[in-house]
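Being a predicted model, the structure only gives us computed values, none of them experimental.
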Amino acid sequence: MADEEQYDKYSAVRDALQKQEEEQKSKRSAGNSHKKKTSGKKSKSKRKKKKKRRTLSQRIAGLFPQQGDSVFEVFRKMTFLASSMVFIVCLALIGKYFWENHQNAIVAEETQRIHDSVIEPERKLPKETTESGEETEERYELLESAKNLLAVNKDVVGYISIPNEPKIAYPVLQRKNPDDGNYYYLDKNINLEYARAGSIFMDYRNYFDDMVENLDEGGNPDGTYKRTFVNSQNLVIYGHNMHDYSMFGALKYYTNNETYYDTHPIIELESNYMKYQYKVFGMIIVDVEDETETKFDYWNTINFKDETEFYDYVNEIKRRTIRLTDVDIQYGDQLLTLSTCNSTFTDGRLVVFARLLRENEDLYEGCTSTANPNVKWSNSYYKWHKNVYDPDAEFIPYG
């Protein structure tokens, strides 16, 4: 009996000790878990702190290949760097393009403001006559708008505009120098500043109301002018084909928009002394490097030797024009040729032709157009297109 009581006491003590030991284990386990969580947080915090401590130069250096990098890592970094450089260069070029276009627009708006700041009186100075009725030389006065533009650049010879939007409205410059006359204004604006859009300029070989001042009886300038040369029979004017349709960029509408001619058949061209209007009658695309039988050096005919040469020229335009018009052409008509680049050929040109409005002629008579069903192209066009031009097809020539 005593042994049983002693055994029961021993069991109670043992159970108490086991319970106490289990409680201690539970506490240690909870403590260890808390320590792990705390240490985990601390290690993460340390890593974050380490990342924050990295300097900008260290981060930049990390973009470049370093000693110990694997081949794949070196290739990845080099590809990233090359791509980044291409992106930056492209971004810079795009920015430069839009900035230059913006600057060109500012100059164009300013020159248009200068030109439009005065209202010219409607006048056409008559020839003076003597008491016997004999005519003397014509006397011209300098337009007020021309005075303003000549104050900016002495090479201004006129102002060209094609009404209605998209509108063309620019001063025309001319450098009378055979060495660089047809290149000087390719990359300069009216202020003689570098400009990718350049200026609208006339062929250096042209004469367009070239004047000198008349002198009074005392040998002093009397404020009027007289021509020194007869105007050229074909005025050739050049301008860049800008992608934003500035300069002569809008001329492309004549060939790729069938309704554009209907609202833009008239070109207005002022000299520094007179205002003229021209009717558009042809629009062609030509390869200026063409040396085959389809060669057409439209820019090299400034004057015509005779009636035959004149009609050969205008009928070649009619064969090549993208759209046929009902404007008639007669020997003696002064022509106006607007030339700009075109991407159809490597050295392609888009050219618009017009002739001077005749005295007392209706401004819009004949200004209708239809697509030319038999266009004559430069031979290089037929490298990529089937030659469907029929030289024997019905053709109604001018003259």
Visitor: Side chains of Y159 and E268: donor-acceptor distance under 3.5 Å anywhere?
Guide: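 Their side chains do not contain a donor-acceptor pair, so the 3.5 Å distance test is not met.
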Visitor: When you check the side-chain N and O atoms of D209 and Y276, is any donor under 3.5 Å from an acceptor?
Guide: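 Their side chains do contain a donor-acceptor pair, which is all the 3.5 Å distance test asks for.
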Visitor: Counting only heavy atoms not in F304, do more than 12 fall under 6.0 Å of its CZ?
Guide: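 Buried by this count: over 12 neighbours within 6.0 Å.
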Visitor: Assess the residue pair Y245 and Y253 against the criterion (ring pair (Phe, Tyr, Trp, His ring centres under 6.0 Å)); give the C-alpha distance rounded to whole Å, side-chain angles, the decisive distance to 0.1 Å, and a yes or no.
Guide: CA-CA 10 Å; Y245 299 97; Y253 283 121; 5.1 Å; yes
Visitor: Between T337 and N234, does any side-chain donor sit less than 3.5 Å from a side-chain acceptor?
Guide: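 There is such a pair (donor and acceptor under 3.5 Å, judged by atom type) between the side chains of T337 and N234.
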Visitor: Measuring only between side-chain heavy atoms, which start at C-beta, is E293 closer than 4.5 Å to N379?
Guide: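 Yes. Closest side-chain heavy atoms under 4.5 Å.
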Visitor: What's the spacing between N272 CG and L143 CG if we round to 0.5 Å?
Guide: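 With rounding to 0.5 Å, CG (N272) is 7.0 Å from CG (L143).
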Visitor: Is there a side-chain contact between D262 and S369 in this structure, where contact means two heavy atoms from C-beta onward sitting under 4.5 Å apart?
Guide: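 Yes, side chains in contact.
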Visitor: Are L336 and L235 packed together at the side-chain level, in the sense that at least one heavy-atom pair is separated by less than 4.5 angstrom?
Guide: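 Yes; the side chains approach each other to less than 4.5 Å.
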Visitor: Using 30° and 60° as the class limits, which term best fits the ring planes of F353 and F281: parallel, tilted or perpendicular?
Guide: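 Correct class here is tilted.
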Visitor: R175 and Y185: which non-hydrogen atoms are nearest, and at how many Å?
Guide: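 Minimum heavy-atom separation between R175 and Y185: CB-CE1, 4.1 Å.
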Visitor: Is it true that Y311 and L324 fall in one hydrophobic cluster, defined by side-chain heavy atoms closer than 4.5 Å?
Guide: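 In one cluster with Y311: L324, no.
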Visitor: With side-chain contact (heavy atoms from CB on, under 4.5 Å) as the criterion, how do I284 and E316 come out once you've worked through the C-alpha distance, each side chain's angles and the decisive distance to 0.1 Å?
Guide: CA-CA 10 Å; I284 72 172; E316 187 64 19; over 6 Å; no
Visitor: Does one side chain, of S378 or S380, offer a donor that lies under 3.5 Å from an acceptor on the other?
Guide: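 Looking only at side-chain atoms, S380 and S378 do not form any donor-acceptor pair under 3.5 Å.
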Visitor: Report yes if the side chains of P171 and H115 come closer than 4.5 Å at any heavy-atom pair, otherwise no.
Guide: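 The answer is no; the side chains never approach within 4.5 Å.
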Visitor: Quick check on side chain to side chain contact (heavy atoms under 4.5 Å, CB included): which of T301, L335, I302 does V236 satisfy it with?
Guide: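 The passing option is I302.
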Visitor: Please confirm whether the backbone N or O of G198 pairs with a side-chain atom of H240, one donor and one acceptor, at under 3.5 Å?
Guide: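 No; judged by distance alone, with no hydrogens or angles, the pair does not exist.
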Visitor: Which atom names give the shortest non-hydrogen contact between I329 and R355, and what distance separates them?
Guide: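 The pair with the smallest heavy-atom distance is CD1-CG, 3.5 Å.
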Visitor: If the condition is salt bridge (Lys or Arg N to Asp or Glu O under 4.0 Å), which residues does D392 pass it with, not counting sequence neighbours?
Guide: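 With neighbours one apart ignored, the set is empty.
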Visitor: Compute both the distance and the angle, then confirm whether R319 meets the cation-pi test with F395: under 6.0 Å from the six-membered ring centre, within 45 degrees of the axis.
Guide: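 Yes, a cation-pi geometry.
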Visitor: Within a strict 4.5 Å, meaning less than it, do heavy atoms of the T228 and Y207 side chains meet?
Guide: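 In short, these two side chains do not touch, never coming nearer than 4.5 Å.
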Visitor: Do L150 and L142 make a side-chain contact, defined as non-hydrogen atoms from C-beta onward lying under 4.5 Å apart?
Guide: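 Side-chain contact under 4.5 Å: yes.
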Visitor: Between D328 and R358, does any side-chain N to carboxylate O distance fall below 4.0 Å?
Guide: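 Answer for the salt bridge query: yes.
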Visitor: Does E394 have more than 12 heavy atoms from other residues, nucleotides or ligands lying within 6.0 Å of its CD?
Guide: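 No, CD of E394 has 12 or fewer neighbouring heavy atoms, counting only those of other groups under 6.0 Å.
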Visitor: Indicate whether any N or O donor in one side chain lies under 3.5 Å from an N or O acceptor in the other, for D203 and N182.
Guide: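 Distance-only check passes for D203 and N182.
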Visitor: We want to know whether R227 and Y140 form a side-chain donor-acceptor pair, criterion being a heavy-atom distance below 3.5 angstrom.
Guide: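 Yes.
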Visitor: Flag the pair F208 / M274 as yes when at least one side-chain heavy-atom distance between them is below 4.5 Å, and no otherwise.
Guide: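 SC-SC contact between F208 and M274 ruled out.
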Visitor: Looking only at the aromatic ring of each residue, does the gap between the centers of Y313 and F296 stay below 6.0 angstrom?
Guide: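 Between Y313 and F296, which both carry aromatic rings, the centre distance is below 6.0 Å.
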Visitor: So, N191 side chain and E193 main chain: donor-acceptor pair closer than 3.5 Å or not?
Guide: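 Answer holds: no.
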Visitor: With no hydrogens and no angle check, is any side-chain donor or acceptor of N164 less than 3.5 Å from a backbone partner on H264?
Guide: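 Pair absent, no side-chain N/O of N164 close to backbone of H264.
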Visitor: Mind checking whether Y170 and F248 have ring centres under 6.0 Å apart?
Guide: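 Centroid distance Y170-F248: not below 6.0 Å, so no.
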Visitor: Other than L363, which residues form its hydrophobic cluster under the rule that side-chain heavy atoms must be closer than 4.5 Å?
Guide: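 Traced through the cluster, L363 reaches I266, L357, Y364.
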Visitor: Short question: side chain of N315, backbone of Y398 - any donor-acceptor pair under 3.5 Å?
Guide: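 Yes, the answer is positive, given that a donor and an acceptor are paired below the 3.5 Å cut-off.
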Visitor: Can any side-chain N or O of N153 pair as donor or acceptor with the backbone N or O of I190 at less than 3.5 Å?
Guide: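 Present.
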Visitor: Should the pair K188 and Y184 be classed as cation-pi, given the thresholds of under 6.0 Å to the six-membered ring centre and 45° from the axis?
Guide: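 Because its charged atom sits under 6.0 Å from the ring centre and within 45° of the axis, K188 does stack over Y184.
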Visitor: For R205 and N303, which I'm curious about, is there any donor-acceptor pair between the side chains at under 3.5 Å?
Guide: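 Per modelled atom types, R205 and N303 side chains form no pair under 3.5 Å.
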Visitor: Between I285 and W377, is there a side-chain heavy-atom distance shorter than 4.5 Å?
Guide: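 The answer is yes, as the side chains (C-beta and beyond) meet within the 4.5 Å cut-off.
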Visitor: Evaluate whether atom CD of E309 has more than 12 neighbouring non-hydrogen atoms of other residues, nucleotides or ligands under 6.0 angstrom away.
Guide: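 Buried by this count: over 12 neighbours within 6.0 Å.
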Visitor: Which heavy-atom pair separates T255 from L350 by the least distance, and what is that distance?
Guide: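 The pair with the smallest heavy-atom distance is OG1-CD1, 3.6 Å.
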